[in-house]
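Take a look at the structure set out below.
The sequence lines fix the lettering, A, B, ..., with proteins before strands; numbering per chain opens at 1. Computed from a predicted model, the values in this text were never measured in an experiment.
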Protein chains: 2
Amino acid sequence: MEGNPVTQTTPGMTRNTRQRGEVLALLTETDDFRTPQQLHSTLRERGAKVGLTTVYRTLQVLVDAGQVDTMRLPSGEQLYRRCSRTHHHHLVCRDCGSTVEVEGPAVEKWADKIAAEHGYADVSHTLEIFGTCPECARR
Amino acid sequence: MEGNPVTQTTPGMTRNTRQRGEVLALLTETDDFRTPQQLHSTLRERGAKVGLTTVYRTLQVLVDAGQVDTMRLPSGEQLYRRCSRTHHHHLVCRDCGSTVEVEGPAVEKWADKIAAEHGYADVSHTLEIFGTCPECARR
DNA sequence: CTGCGTGCAAATAGTTTGCAGTTCA
DNA sequence: TGAACTGCAAACTATTTGCACGCAG
């Protein structure tokens with residue numbers, strides 16, 4: 001299960017390198033949002049030699065390619081996560097960072113309607129819900 | 001109209017200084033979100049001698065006191081604005097930064113419901129809508 | 001008076017960029 | 001081969017902190 005070569009044809013990436021494979025692999029195996037710094041130190045711990053710069057650059061490429069989702073905590077930390085392509089939002093635990101993907105068609109429509117009413121064009125929005133998950137609340 | 005002394009009794013502020021008055025005044029006269037840096041340079045332009053550090057610290061105090069609203073652009077810039085106390089969201093122009101306050105009781109309820117369904121406690125959320133306002137679209 | 005507030009300069013923290021060397025296709 | 005990628009170090013930006021002084025109450 002390990003020595004599997006990196007052969008992921010990821011749109012937007014012209015070249016497949018070991019480093020990108022490592023980053024992508026790590027993103028794939030976890031479900032939660034991570035900071036570039038966290039990803040980098042995890043990679044180092046497991047022995048993967050990847051520079052912090054490369055992590056940043058790879059994440060940028062992945063975001064551009066639509067392979068990775070990015071969001072920001074109220075505190076300002078930038079987070080990344082491999083994520084389904086469809087538009088959705090997140091319910092994030094303040095403590096442990098675990099996330100649940102949620103969809104709200106009604107909210108999307110509401111946002112578009114509000115924007116239209118005020119004559120705003122080219123509309124997008126951000127929406128995240130924060131709370132304490134059952135696991136963390138128990139403690 | 002100028003020499004008016006600073007006498008704003010702002011809850012959470014133990015002391016009323018000229019600098020805090022200037023920041024508060026500036027926040028009061030504009031409707032749009034501003035970065036600490038913008039606020040600072042505007043103050044300097046108009047001759048008010050206020051240190052950048054003080055702007056940051058004052059904004060923090062105001063946020064704690066609930067006098068000022070803060071949000072973050074997708075790009076990561078932190079923005080502040082004097083704002084009504086009721087919970088609401090914003091429709092923000094990507095170009096000129098002008099904002100419209102919007103309310104969405106349905107959205108609030110939806111967010112709380114979703115969180116409750118997943119057992120999340122102590123829920124809050126962030127929601128901002130971005131677009132190009134009619135003014136900017138015209139150009 | 002007394003200590004909260006101020007502001008400079010220095011420290012931080014996260015992220016980006018320049019550039020020489022490396023590697024994939 | 002050669003363009004794309006890598007990674008170190010240095011540069012940058014936004015924000016915070018240490019500390020001596022000033023001013024409000």
- Task: Using atom types as modelled and distance alone, determine if a side-chain donor or acceptor of His118(A) lies under 3.5 Å from a backbone N or O of Ala116(A).
- Result: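 Not confirmed, His118(A) side chain does not pair with Ala116(A) backbone.
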- Task: State whether the side chain of Arg18(A) and the backbone N or O of Lys49(A) hold a donor-acceptor pair below 3.5 Å, judged by distance alone.
- Result: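 Yes; at least one donor-acceptor contact below 3.5 Å.
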Specify the separation, in whole Å, of atom [atom1] of [X] and atom [atom2] of [N].
{"X": "Gln19(B)", "N": "dA24(D)", "atom1": "CD", "atom2": "C1'", "answer": "11 Å"}
{"X": "Leu59(A)", "N": "dT15(C)", "atom1": "CG", "atom2": "P", "answer": "10 Å"}
{"X": "Arg72(B)", "N": "dT13(D)", "atom1": "CZ", "atom2": "C1'", "answer": "13 Å"}
{"X": "Leu39(B)", "N": "dT15(D)", "atom1": "CG", "atom2": "C1'", "answer": "14 Å"}
{"X": "Leu73(B)", "N": "dA14(D)", "atom1": "CG", "atom2": "P", "answer": "12 Å"}
{"X": "Tyr56(A)", "N": "dG18(C)", "atom1": "OH", "atom2": "P", "answer": "17 Å"}
{"X": "Glu77(B)", "N": "dC12(D)", "atom1": "CD", "atom2": "P", "answer": "19 Å"}
{"X": "His40(A)", "N": "dG7(D)", "atom1": "NE2", "atom2": "C1'", "answer": "9 Å"}

- Message: Does Arg81(A) qualify as a cation-pi partner of Phe33(A), given the criterion of NZ or CZ under 6.0 Å from the six-membered ring centre and within 45 degrees of its axis?
- Response: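 Yes, a cation-pi geometry holds between Arg81(A) and Phe33(A).
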Nearest to the side chain of [X] - [options]?
{"X": "Arg15(B)", "options": "dT15(D), dG25(D), dG7(D)", "value": "dG25(D)"}
{"X": "Pro36(B)", "options": "dT15(D), dA4(D), dT16(C)", "value": "dT15(D)"}
{"X": "Thr53(B)", "options": "dC8(C), dG25(D), dT15(D)", "value": "dC8(C)"}

- Query: Which residue lies toward the 5' end of DNA chain C, Arg57(A) or Gln37(A), if each is placed at its nearest nucleotide?
  - Reply: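 Closest to the 5' end, via its nearest nucleotide, is Gln37(A).
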- N or O in side chain of Arg18(B) less than 4.0 angstrom from dG5(C) OP1/OP2: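 No.
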- Message: Tell me whether the side-chain N/O atoms of Thr17(B) come closer than 4.0 Å to OP1 or OP2 in dT6(C).
- Response: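 Yes, because at least one side-chain N or O of Thr17(B) sits under 4.0 Å from OP1 or OP2 of dT6(C).
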- Task: Quick one: closest heavy-atom pair of Arg82(A) and Val68(A), and the distance?
- Result: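 Between these two residues, the closest heavy atoms are CA-CG2, 4.3 Å.
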- Message: Applying salt bridge (Lys or Arg N to Asp or Glu O under 4.0 Å) to Arg34(B) and Glu29(B), what does each step give before you reach the verdict?
- Response: CA-CA 12 Å; Arg34(B) 289 296 172 70; Glu29(B) 72 192 58; over 6 Å; no
